[in-house]
Amino acid sequence: MKIATYNVNGINARLPVLLRWLEATTPDVVCLQELKAPQEKFPAQAIADVGYHGIWHGQKSWNGVAILTRNLEIEEVRRALPGDEEDEQSRYLEAIVNNIHIGCLYLPNGNPAPGPKFDYKLRWFERLNAHAATLLALDKPVVLTGDFNVIPTELDAYKPERWVEDALFRPESRSAFQALVGQGWTDALRKLYPDQTIYTFWDYFRNAYERNAGLRIDHFLLSPQLDGRLIAAGVDHAVRGWEKTSDHAPVWIQLAEE
DNA sequence: ATGACACCTAGGAGGTGA
């Protein structure tokens with residue numbers, strides 16, 4: 001089973017690229033982030049026409065997450081991260097597909113740091129880590145994936161020294177991510193490629209993609225029940241070179257059947 | 001060190017992203 005994650009940066013602006021990528025790579029499950037569309041503006045029909053259906057939690061202008069599947073049943077578990085009833089931002093969606101719990105997340109960017117946005121990021125991270133611990137306690141196959149907005153290590157950034165003051169790379173963000181993985185999760189791409197440069201995001205500015213000036217900020221975390229089922233993983237980086245493309249590229253994993 | 005590019009909502013220009 002192939003699961004993919006893709007920060008589309010506006011699902012309606014990205015629709016031709018998304019459909020082309022879906023038809024070319026046919027993942028079984030797709031997690032999307034940054035829909036930038038209200039619930040009723042999700043292009044469900046166009047997506048159905050290429051064989052996908054699913055659930056989404058939209059929001060006007062910003063954020064928004066979706067989980068799509070192809071020929072599989074999808075059972076929604078929750079459409080918000082627990083721990084703050086006041087949090088209005090659509091950044092988390094969780095479903096069960098093929099007996100796998102899938103958490104699709106869009107962690108806050110947090111810039112400028114320090115400041116209220118960075119505080120929100122760290123609070124959101126605390127809630128994520130608390131919820132992740134409850135997911136591990138299920139003793140079931142769980143995938144946590146999406147745009148974490150965290151550069152885990154120096155290996156994950158082109159010119160890491162440029163990012164030391166940035167919310168994506170500040171010690172608080174890195175240690176929160178480290179604490180999360182330390183609960184017992186497997187960073188799928190790092191497991192398969194421990195020393196390799198892997199990027200999932202390239203700035204629109206200054207020909208960052210052409211220069212391969214990227215970041216690894218979109219991740220797949222696997223519960224111990226899935227660790228042994230990881231067969232392959234990768235980044236569809238060529239999509240980043242298409243016309244009218246997102247600044248992120250899709251990331252995917254392949255899992256063995258039970 | 002700065003600003004570059006693209007998205008959104010609007011119906012111009014500003015907020016947000018990473």
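All chains are named by letter (A, B, ...) in the order of the sequence lines, taking the proteins before the strands, and each is independently numbered beginning at 1. Only this structure's heavy atoms are used, side chains among them; waters, hydrogens and symmetry mates stay out.
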Can you name the side-chain contact (heavy atoms from CB on, under 4.5 Å) partners of [X], sequence neighbours left out?
X	value
A:Asn129	A:Phe125, A:Ala179, A:Leu180, A:Gln183
A:Ala4	A:Trp21, A:Pro27, A:Trp252
A:Arg123	A:Asp119, A:Tyr120

Whole angstrom value for the distance that separates [atom2] of [N] from [atom1] of [X]:
X	N	atom1	atom2	value
A:Arg206	B:dA6	CZ	P	13 Å
A:His248	B:dC5	NE2	P	18 Å
A:Lys121	B:dG17	NZ	C1'	11 Å
A:Trp163	B:dG17	CH2	P	14 Å
A:Asn7	B:dT16	CG	P	17 Å
A:Asp247	B:dT16	CG	C1'	12 Å

What integer number of Å spans the [atom1] atoms of [N] and [M]?
N	M	atom1	value
B:dG17	B:dG3	C1'	15 Å
B:dG12	B:dC8	C1'	14 Å
B:dA10	B:dG14	P	16 Å
B:dT9	B:dA4	P	24 Å

Can you name the salt bridge (Lys or Arg N to Asp or Glu O under 4.0 Å) partners of A:Arg79, sequence neighbours left out?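 Partners of A:Arg79 under the salt bridge (Lys or Arg N to Asp or Glu O under 4.0 Å) test: A:Glu76.
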Cation-pi, A:Phe201 ring and A:Arg216 (6.0 angstrom, 45 degrees):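 Because its charged atom misses either the 6.0 Å distance or the 45° angle limit, A:Arg216 does not stack over A:Phe201.
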Is A:Arg174 positioned over the aromatic face of A:Phe169, cation under 6.0 angstrom from the ring centre and no more than 45 degrees off axis?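 So A:Arg174 does make the cation-pi contact.
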Under 6.0 Å between the ring centres of A:Trp202 and A:Tyr209?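 They qualify: ring centres under 6.0 Å apart.
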A:Phe177 and A:His219 aromatic centres sub-6.0 Å: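 Yes - the distance between ring centres of A:Phe177 and A:His219 falls below the 6.0 Å cut-off.
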Strand contacts (DNA chain B) in residues 172-179 of chain A, 4.0 angstrom heavy-atom criterion: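 DNA chain B contact set from residues 172-179 of chain A: none.
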Sequence-aligned protein contact record of nucleotides 7-15 of chain B, with B where the base is within under 4.0 Å of a protein heavy atom and S where only the sugar-phosphate is: BSSS----B
What do the steps show when you test A:Asn9 against A:His248 for side-chain hydrogen bond (donor to acceptor under 3.5 Å, both in side chains), and what is the final call? CA-CA 8 Å; A:Asn9 187 13; A:His248 296 250; over 6 Å; no
